[in-house]
*Asks:* 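Just passing along the structure, written as structure tokens.
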Amino acid sequence: MVLRFAPNPNGPMSLGHSRGVVINSEFARMHEGEVILRFDDTDTKRKPPSIKAYDTIAKEFEWITGRAPDRIVTASERMPLYLAHVIEDIEAERAYVCTCTAAEFKDLRDGKAPCPCRSLAATEHVERWGKMNDPKGGWQDGDAVVRIRTDLNLPNPALRDWPALRIQTTPHPMVGDTYRVWPLLDYQSAIEDHLQGVTHIVRGKDLMDSTRKQTLLYEMRGWTYPHTLYWGRVKVHEFGSFSTSAMRTDIEAGTYSGWDDPRLPTIAAFRSKGYAPEAIRSFWLEQGLTQKDIAVSMKTIESHNVKAIESSTPRYSFVQDPVSRRLEMNETWPSNCFNIPSHPDNASMGHRQWPAPKNGDLILLQASDLSANLRLKEFADATLTDNSATVENFDRSDRRQIVHWVLENHSKNAVILVVVDNKIEHRTGRIENCDIEIGQVVQLERIGFATLTQILEDGTPVFAYLHD
RNA sequence: GCUCGUGUAGUGUAGUUCGGUCCAUCAUGACGGACUCUCGAUCCGUCGACCCGGGUUCAAAUCCCGGCACGAGCACCA
């Protein structure tokens, strides 16, 4: 069993791409087959490949699946093979060179009528093929195209004499102007799938007609087309377009800070916010292979992520909009140190160690939590006044609300970036002293999961809010 | 318009091939409760669906016919 995932390397992956990665790689894994990562980089003009994207996509593939693809194929490196097949197809009269304009051809095609080029001799088309490839031949972009000869009475007009290659004089970032005529997806993919021995294709249903076009070519060549399955369109309520080129435009305009801007539906953004690859995988596997068009909520993806990260994420106390109170203690804490578990249910994660709170210490509480009677989490029941917090007893004596808090002398300023209505809000507060590495996911008690994304010059940690 | 495809609870999903074991699965969500030194996690409960109309049949989510709705393709993009 051989499958492939074939993105256009015109930018890094979006959440949409990850469906193809997950479905194809899991299919291969379940059947002990292979999965190919193939770069379909044959459009130099409308979707110019980004040199960085080849490497980025390969790394993202590995991050999502947890392993490298079995093979990596790049279309632009395989051009000689495709071009060799074209000449065969022209000589065998499976293909011909058409010089009609797109509009002229469409009119003829819609009327099931052949275009004037179609009836020319194969030798004439071979000559035309040479002219297409010749920079001095006089033909420019759009002047000629290679078409696959089909039955013009096919009910689906999209399939009739479909275009297979066109002239593109825009240089390719990987191979420059080595080639003048480039295959379109339907041709390149058809030939490459056969060369790679692909047995199963799983892709979006927008490519259904592509399957039908390619099948026509396979039939003429006596090849067997891979088994093909489709998935439907996906929308995530919280996101707009998944279009790579649209995101690129917005990033270049400064609307977003980069491909990993937390507001974008890119894998880079999901990864930097703290999503686990297991969550991306289980989310897509849950969607399965239905052709239905679906609209899902981020809540669904978040619930997968909670399951993936909850048990291994350490807890910390972060007080937003802090107000201070002076501790008044009649009794001293019975130990020299003050330990709080890093995880409520997982003792093996150890504990955070704070200095033992003592009479006169300043503590910080979240303004919105203030109330006459509170339970300071893990510490004591307390009675609050405008400037003090009097400890009543260390053991929990009633059901008053439990709040998180920090010691003023064992905490530092911190910032959480939260996306609200597609804007990034900076929420400031104090986090308990801790030693967290950039990229680490934590759970801020009573707030939610967040990932440390940077540390400012003055030492202030900056977190990206993940979800609750 | 032409071609192709899809319609199961708020959102996803199983079941549709080979009609009965489906008064329809699971997850998520909402609501209520238990437990917990987090508004997290865990546990319990409740809510809620077979697009519509005919037909075949003892029996239809499942088969047939006809509608309707939604989506995709009809690019010298992928």
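Below, chains carry the letters A, B, ... as their sequence lines are ordered, and counting in each starts from 1.
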*Asks:* Sugar-phosphate atoms are those with a prime plus P, OP1 and OP2; base atoms are the rest. Using that split, label each nucleotide of nucleotides 36-43 of chain B B, S or - for protein heavy atoms under 4.0 Å, 5' to 3'.
*Replies:* -BBBBS--
*Asks:* Take the protein atom CG of A:Asp107 and the nucleotide atom C1' of B:G1, then report the distance between them rounded to whole Å.
*Replies:* 14 Å
*Asks:* Distance check needed: B:G29 C1' versus A:His304 NE2, whole Å only.
*Replies:* 13 Å
*Asks:* Thinking salt bridges, do A:Asp293 and A:Arg233 make one under a 4.0 Å N-O criterion?
*Replies:* no
*Asks:* If you draw the axis of the six-membered ring of A:Phe105, does the NZ or CZ of A:Arg147 fall within 45° of it and under 6.0 Å from the ring centre?
*Replies:* yes
*Asks:* Take atom C1' in B:C22 and the same atom in B:U8, then report the distance between them in whole Å.
*Replies:* 12 Å
*Asks:* Expressed in whole Å, how much space separates the C1' atoms belonging to B:C50 and B:A69?
*Replies:* 16 Å
*Asks:* Rounding to the closest angstrom, what is the interatomic distance between B:A61 and B:G40 at atom C1'?
*Replies:* 39 Å
*Asks:* With a 6.0 Å cut-off on ring centres, are A:Tyr187 and A:Tyr82 close enough?
*Replies:* no
*Asks:* Using atom CD1 of A:Ile294 as one end and atom P of B:G7 as the other, report the distance to the nearest whole Å.
*Replies:* 13 Å
*Asks:* Output yes when A:Lys131 and A:Asp134 qualify as a salt bridge under the 4.0 Å nitrogen-oxygen rule, no when they do not.
*Replies:* no
*Asks:* Roughly how far apart, to the nearest Å, are B:U17 and B:G12 at atom P?
*Replies:* 24 Å
*Asks:* Quote, to the nearest angstrom, the C1' distance that separates B:G15 from B:C63.
*Replies:* 16 Å
*Asks:* Could you check whether the rings of A:Phe5 and A:His17 sit parallel, tilted or perpendicular, using 30° and 60° as the cut-offs?
*Replies:* perpendicular
*Asks:* Let me have a per-nucleotide readout for nucleotides 65-78 of chain B, 5' to 3', with B, S or -, counting only protein heavy atoms under 4.0 Å.
*Replies:* ------SSSSBBBB
*Asks:* For A:Asp55, is there an ion pair with A:Lys59 - N to carboxylate O distance below 4.0 angstrom?
*Replies:* yes
*Asks:* RNA chain B: stems of at least 3 consecutive Watson-Crick or G-U pairs, cut-off 3.5 Å?
*Replies:* B:1-7 with B:68-74, B:10-12 with B:26-28, B:29-34 with B:42-47, B:51-55 with B:63-67
*Asks:* Expressed as a whole number of Å, how far does the C1' atom of B:C58 sit from that of B:A14?
*Replies:* 28 Å
*Asks:* Could you work out the separation of B:C18 and B:C64 based on their P atoms and round it to a whole Å?
*Replies:* 10 Å
*Asks:* Salt-bridge test for A:Arg352 and A:Glu445: reply yes if a basic N is under 4.0 Å from a carboxylate O, no otherwise.
*Replies:* yes
*Asks:* In terms of side-chain geometry, is the basic nitrogen of A:Asp193 or A:Arg4 positioned less than 4.0 Å from the acidic oxygen of its partner?
*Replies:* yes
*Asks:* Write down the distance separating the P atoms in B:C26 and B:C65, rounded off to the nearest Å.
*Replies:* 34 Å
*Asks:* Salt-bridged, A:Glu392 to A:Arg400, with N to O below 4.0 Å?
*Replies:* yes
*Asks:* Picking from A:Trp182, A:Tyr179, A:Phe39, what satisfies ring pair (Phe, Tyr, Trp, His ring centres under 6.0 Å) with A:His172?
*Replies:* A:Trp182
*Asks:* Below 30° counts as parallel, above 60° as perpendicular, anything between as tilted: where do the rings of A:Trp333 and A:Phe379 land?
*Replies:* tilted
*Asks:* Nearest whole Å is fine: how far is B:G12 C1' from A:Ile23 CD1?
*Replies:* 14 Å
*Asks:* Are any of the side-chain heavy atoms of A:Arg149 and A:Arg118 separated by less than 4.5 Å?
*Replies:* yes
